[in-house]
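Structure, as structure tokens:
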Amino acid sequence: MIDDGMVARQLLQLARRIKQRRNRHIQDLDLTTGQGDALKYFAENPNQTIATFKDYQGITHQTARVIVQHMVALGVVTLTANPQDGRSKLVVVTPLGLSKYAQLTKHGWRTSEELFAGFTAAEQQQFLALARRANANLEGK
């Protein structure tokens with residue numbers, strides 16, 4: 001059996017490096033990785049709320065709200081009334097947001113290319129399957 005500390009340390013280092021690379025790759029878009037993830041979510045899933053984004057990301061409502069508020073200030077999304085629920089607002093991507101989303105998609109591939117350099121397609125799929133399984137284990141599923 002592998003030492004739990006060794007595995008956890010490697011995964012934490014990997015997560016930090018991925019985040020650093022992603023930040024570096026999107027710094028010219030004036031977005032954080034959290035904002036980039038939110039922009040991707042709202043561009044690919046129109047007419048969603050902050051609550052649906054929170055659930056998708058597995059973060060607190062407060063964190064999701066702060067991310068969206070910053071994005072509104074940047075002009076990449078707006079909030080509109082939700083006709084289904086007067087207590088919530090729909091997040092709508094602006095034309096500026098759509099432009100940044102197109103650039104974000106290109107930048108995202110750079111991080112993946114660096115991460116999986118030298119991996120075969122089968123190894124990439126195996127890595128993904130194992131990561132999903134480990135996450136499910138920690139979620140108690």
Side-chain angles (χ1 to χ4, degrees), residues 1-85 87-141:
M1 177 117 195
I2 297 176
D3 177 15
D4 284 346
M6 184 174 65
V7 172
R9 188 172 40 258
Q10 286 298 312
L11 292 175
L12 287 171
Q13 287 176 346
L14 177 61
R16 273 195 298 274
R17 285 189 179 111
I18 290 170
K19 188 169 184 175
Q20 288 169 346
R21 289 285 166 89
R22 290 180 69 209
N23 277 329
R24 189 176 330 134
H25 290 158
I26 67 170
Q27 69 186 1
D28 59 327
L29 298 179
D30 294 323
L31 297 172
T32 65
T33 55
Q35 293 164 352
D37 290 343
L39 180 58
K40 183 177 184 330
Y41 174 78
F42 291 117
E44 294 174 1
N45 302 280
N47 298 315
Q48 298 298 312
T49 64
I50 292 171
T52 59
F53 172 64
K54 165 199 72 105
D55 292 341
Y56 175 78
Q57 286 293 95
I59 57 178
T60 66
H61 188 78
Q62 181 179 357
T63 299
R65 190 171 45 80
V66 167
I67 290 169
V68 171
Q69 286 174 336
H70 284 138
M71 294 172 67
V72 169
L74 291 170
V76 295
V77 298
T78 59
L79 299 175
T80 62
N82 183 348
Q84 307 297 322
D85 181 356
R87 298 170 297 165
S88 67
K89 301 228 183 265
L90 299 177
V91 180
V92 179
V93 179
T94 65
L96 174 62
L98 291 173
S99 172
K100 287 185 182 271
Y101 170 71
Q103 295 171 316
L104 181 68
T105 301
K106 286 190 281 188
H107 292 304
W109 286 110
R110 288 175 46 199
T111 302
S112 291
E113 287 172 359
E114 291 176 9
L115 175 63
F116 291 115
F119 280 58
T120 65
E123 288 171 331
Q124 290 179 39
Q125 288 301 315
Q126 183 179 22
F127 182 90
L128 178 59
L130 292 171
R132 283 181 175 154
R133 188 167 147 197
N135 274 316
N137 286 345
L138 292 177
E139 290 174 5
K141 293 181 181 177

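What you see is a predicted model; the values in this text were computed from it and never measured.
The minimum heavy-atom distance linking Gly34 with Phe53 is given by the pair O-CZ, 4.5 Å. What you find for Thr52 and Tyr41 is that their closest heavy atoms are OG1-OH, 3.3 Å.
Surrounding CZ of Phe116 are more than 12 heavy atoms belonging to other residues, nucleotides or ligands, all under 6.0 Å away. Atom CD of Gln62 has 12 or fewer heavy atoms from other residues, nucleotides or ligands within 6.0 Å. Heavy atoms from other residues, nucleotides or ligands lying under 6.0 Å from NZ of Lys54 number more than 12.
Residues Arg22 and Lys19 are not in side-chain contact: their nearest non-hydrogen atoms beyond the backbone lie 4.5 Å or more apart. With contacts defined as side-chain heavy-atom distances shorter than 4.5 Å, the pair Leu115/Leu14 qualifies. For the pair Leu90/Pro83, a side-chain contact is recorded, criterion being any heavy-atom separation below 4.5 Å from C-beta on. Under the 4.5 Å side-chain criterion, counting only non-hydrogen atoms from C-beta, Ile50 is not in contact with Lys89.
Remark: Gln35 CD to Leu29 CG distance equals 10.5 Å, nearest 0.5 Å. The NZ atom of Lys100 lies 9.0 Å from the CG atom of Leu39; values are rounded to the nearest 0.5 Å. The structure places OG1 of Thr49 at 8.0 Å from NE2 of His61, a figure rounded to the nearest 0.5 Å. Taken from CZ in Phe42 to CG in Asn47, the straight-line distance is 11.0 Å, to the nearest 0.5 Å. Note that CE of Met6 is 10.5 Å distant from CG of Leu11, once rounded to the nearest 0.5 Å. The CZ atom of Arg24 sits 7.0 Å away from atom CD of Glu114, with the distance rounded to the nearest 0.5 Å.
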Using a 3.5 Å cut-off and no angle test, enumerate the donor-acceptor pairs between side-chain atoms of residues 64-82 and protein atoms at least two apart in sequence or in another chain.
| from | atom 1 | to | atom 2 | distance (Å) |
| --- | --- | --- | --- | --- |
| His70 | ND1 | Val66 | O | 3.3 |
| Asn82 | OD1 | Gln84 | N | 2.9 |
| Asn82 | ND2 | Ser88 | OG | 2.9 |

Expected list for residues 123-132: side-chain donor-acceptor pairs under 3.5 angstrom, two or more places apart:
| from | atom 1 | to | atom 2 | distance (Å) |
| --- | --- | --- | --- | --- |
| Glu123 | OE1 | Thr120 | N | 2.8 |

